[in-house]
Asker: 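Provided herewith is a single structure, encoded as structure tokens, for subsequent inquiry.
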Amino acid sequence: MATTAKLQVENNNPVVAIQGLLRGLLENESIGGVLVPVHHFGKSMPMPTLVTDPDQLSGADPLAPAFPMNSAKLLSRLTRGQTGERIAAVLRPCEIRAFVELVKLNQGSLDDVVIVGVDCMGAYKNTDYRTFLAGRDPFEATLAFHGDHGGTDKPDAGGVELSAACKSCEHPSPANADLIVGLAGADLRDALPVLADSARGEALLNALGLPAMGENGRAKTLEALVKVRTEHRDAMIEATRAVTGTLTDLSEYLSACVNCYNCRVACPVCYCKECVFNTDVFEHKPWQYMGWAKRKGSLKMPTDTIFYHLTRMAHMSMACVGCGQCSNACPNDIPVMELFRTVAARTQESFGYVPGRSLDEPPPLSVFKEDEFQETVSHMA
Amino acid sequence: MSSEFEPTILAFVCNWCTYTAADLAGTSRMVQQPNLRLVRVMCTGMVDPKYIVKSLLSGADGVLVSGCHPGDCHYINGNYKARRRVKLLNEILPQFGIERERVKLTWVGASEGNEFAATVNGFINEIRELGPMEARSMAVV
Ligand code: SF4
Ligand code: SF4
Ligand code: FES
């Protein structure tokens, strides 16, 4: 492991300390802007914001337990083509993993972006975040959420639970970041370790001139978090399998779906510019609907709901990073993340693929080998 | 399963090999059961998983994808890509009770009329044995 620097926390406020780190990066001549969640209006949801003026970092709240959207798609917009300037992006581990998938599909580039990952303690669904705030100042609420010790204190839940995706996420520590803010295990009243995880990150960290920091129990805290979350994930998959084992069960699971496709819009790895479900391919003729209805006695409208979800599974389950934005976006509270992760667990395992793990691993459906999967081919004659 | 059940099978066959074999089987008057609907595509590499899923949800009891033998694809590697996509569906569909047997991938070369007839007859028998797709009677698809 390369350099670990010490980011001093003043006045028991780790959020301000991280703002200071970002300010240091912005003042570094090689960084023109920082993408980071910012509270724009006192009580609001912190939204991903591209900050170029260091003074405007005072609204940045990268530790807020809010996750309005997966920023990977935004970063793809900021990195496709030349900007002429390097930026930094503060991301959750699942945002980084999704972005790595997009980079593999030429939907973005890591060349001019410095990724700052933060150990992730999870977030609330959008609607639950509002409940959690309960009128409090959002920065106060963020500090209360984390307590004094990253990842070990019982967070102040304010009567709501973390999103199901976060509770079952086995990747709390960022992979493929340049710099990592090691929240896990840290005494948040004292100091945060900042780890350099790439040569680029190392150079930037050295330029900041922070003192060195020793081991502070991060690894152990992460290990414990991963254990709890993995157990949660396995139970979730088992429970989902138990209620979706037949096509009828699946239809019932999705029975409140209104084909709004919000889950697809929110999904960071569903990247097609023109999705077939946005076209008129599935706007059938009146006589077709009548024909299908007569054949079965009734036909649920709109049609093609199960078809849509199965197609999405085929198109993106290999790249699903489990961020839960699909569930977050569903207006009908359908647990789609649970379903997609359950399917993805098997598809990803069968191709030995872990999305976001490495830029060197090509998406399985973009490559092939001549001599593989012989059991997939039947020889009937 | 009920002896009255007659399966509907949809086959996506590539223009250059399996379609030619199907033609040969026909002109050679080989005996084939009438349960098959052929869709000619330029290459198995263009069969998106959603074609297969849509077929199974719209009345097909089984779907056959058939193209050139490895090394013979006229677009060099479309059949290898098809193999990965069918493999993917083999992992997804059984999670929802759609038997793996309902999606079949075979290689049938242009001169293999015999093999084509045997493949089709064998597949139809297999699906007749397996019974109808659950989606046939579902109001929600
Ligand atoms: S399917 Fe859902 S959980 Fe998976 S990457 Fe997309 S939005 Fe995230
Ligand atoms: S967001 Fe919910 S209602 Fe909309 S398409 Fe997805 S599952 Fe259906
Ligand atoms: S042309 Fe026959 S499989 Fe590609």
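Order of the sequence lines sets the chain letters (A, B, ...), proteins ahead of strands, with each chain counted from 1. Source: prediction; values computed, not measured.
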Asker: Under a 4.5 Å cut-off applied to non-hydrogen side-chain atoms, are A:S163 and A:F67 in contact?
Answerer: no
Asker: Given 3.5 Å as the limit, does a donor-acceptor pair link the side chain of A:N70 with the main chain of A:A266, or not?
Answerer: no
Asker: By a 4.5 Å heavy-atom criterion (distance strictly below it), what part of A:H315 contacts chain B: side chain, backbone, both, or neither?
Answerer: side chain
Asker: Chain A: which of B:V86, B:N79, B:V53, B:V103 shares the most heavy-atom pairs with it under 4.5 Å?
Answerer: B:V53
Asker: Should the ring pair A:Y308 and A:F277 be called parallel, tilted or perpendicular, given that the plane angle runs from 0 to 90° and is split at 30 and 60?
Answerer: perpendicular
Asker: Would the distance check show the side chain of A:E101 and the main-chain N or O of A:P268 forming a donor-acceptor pair, the cut-off being under 3.5 Å?
Answerer: no
Asker: Would you please say whether a donor-acceptor pair under 3.5 Å links the side chains of A:R341 and A:T240?
Answerer: no
Asker: Checking heavy atoms, do the side chain of A:F351, its backbone, both or neither come under 4.5 Å from chain B?
Answerer: side chain
Asker: Most heavy-atom pairs under 4.5 angstrom with chain A, which of B:A135, B:S137, B:G59?
Answerer: B:A135
Asker: Distance check, rounded to the nearest 0.5 Å: A:K104 atom NZ versus A:D360 atom CG?
Answerer: 8.5 Å
Asker: Are any non-hydrogen side-chain atoms of A:K273 and A:Q107 less than 4.5 angstrom apart?
Answerer: yes
Asker: Can you tell me which portion of B:D48 sits under 4.5 Å from chain A's heavy atoms? Options are side chain, backbone, both or neither.
Answerer: side chain
Asker: In terms of heavy-atom pairs under 4.5 Å with chain B, which of A:T244, A:T246, A:L365, A:L247 leads?
Answerer: A:L247
Asker: How far does OG1 of A:T347 sit from CE of A:M316, to the nearest 0.5 angstrom?
Answerer: 8.5 Å
Asker: Hey, is the main chain of B:M133 close enough, under 3.5 Å, to the side chain of B:D61 for a donor-acceptor pair?
Answerer: yes
Asker: Which one, B:R136, B:M138, B:K87, B:R84, leads in non-hydrogen pairs under 4.5 Å with chain A?
Answerer: B:R84
Asker: Identify which of A:D371, A:L254, A:D304, A:D249 forms the greatest number of heavy-atom pairs closer than 4.5 Å to chain B.
Answerer: A:D304
Asker: What part of B:I98 lies closer than 4.5 angstrom to a heavy atom of chain A: side chain, backbone, both or neither?
Answerer: side chain
Asker: Could you report the tightest heavy-atom contact between B:T106 and A:V377, atom names first, then the distance?
Answerer: CA-CG1, 4.2 Å
Asker: Just wondering, more than 12 heavy atoms not from A:Q288 lying within 6.0 Å of its CD?
Answerer: yes
Asker: Taking A:R346, A:R241, A:K296 one by one, which has the highest count of heavy-atom pairs under 4.5 Å against chain B?
Answerer: A:R346
Asker: Applying a heavy-atom distance below 4.5 Å, give me the residues of residues 16-47 of chain B that approach chain A, sorted by number.
Answerer: none
Asker: Does the side chain of B:P7 come within less than 4.5 Å of B:I124's, by heavy atoms?
Answerer: yes
Asker: Between the main-chain N or O of A:P335 and the side-chain N or O of A:Y253, is there a donor-acceptor pair closer than 3.5 Å?
Answerer: yes
Asker: Does A:R229 reach the main-chain N or O of A:C169 with its side chain, forming a donor-acceptor pair under 3.5 Å?
Answerer: yes
Asker: Please flag which part of A:E349 lies under 4.5 Å from any non-hydrogen atom of chain B: side chain, backbone, both or neither.
Answerer: neither
Asker: Say you draw a straight line from CZ of B:F96 to NE2 of A:H309; how long is it, rounded to the nearest 0.5 Å?
Answerer: 10.5 Å
Asker: Counting only non-hydrogen atoms closer than 4.5 Å, does A:T342 touch chain B with its backbone (N, CA, C, O), its side chain (CB onward), both, or neither?
Answerer: both
Asker: For A:T248 and B:E134, which I'm curious about, is there any donor-acceptor pair between the side chains at under 3.5 Å?
Answerer: yes
Asker: Non-hydrogen contacts under 4.5 angstrom with chain A: give the residues of residues 63-78 of chain B involved, or none if there are none.
Answerer: B:N77
Asker: Count the heavy-atom pairs under 4.5 Å between each of B:L93, B:I92, B:V108 and chain A, then report the option with the highest count.
Answerer: B:I92
Asker: Tell me, side chain or backbone of A:E375 under 4.5 Å from chain B's heavy atoms, or both, or neither?
Answerer: both
Asker: Sort A:L299 into side chain, backbone, both or neither according to what part of it lies under 4.5 angstrom from a heavy atom of chain B.
Answerer: both
Asker: Should A:M318 and A:P363 count as side-chain neighbours, where that means a heavy-atom distance under 4.5 Å?
Answerer: no
Asker: Tell me which of these, B:N90, B:L89, B:L88, has more heavy-atom pairs under 4.5 Å with chain A than the rest.
Answerer: B:L88
Asker: Using a 4.5 angstrom heavy-atom cutoff, name the option from A:M301, A:M313, A:E370, A:K300 with the most pairs to chain B.
Answerer: A:E370
Asker: Is the shortest heavy-atom distance from the side chain of A:E372 to the side chain of B:Y80 under 4.5 Å?
Answerer: no
Asker: Pick one of side chain, backbone, both or neither for A:V276, based on which atoms fall under 4.5 Å of a heavy atom in chain B.
Answerer: side chain
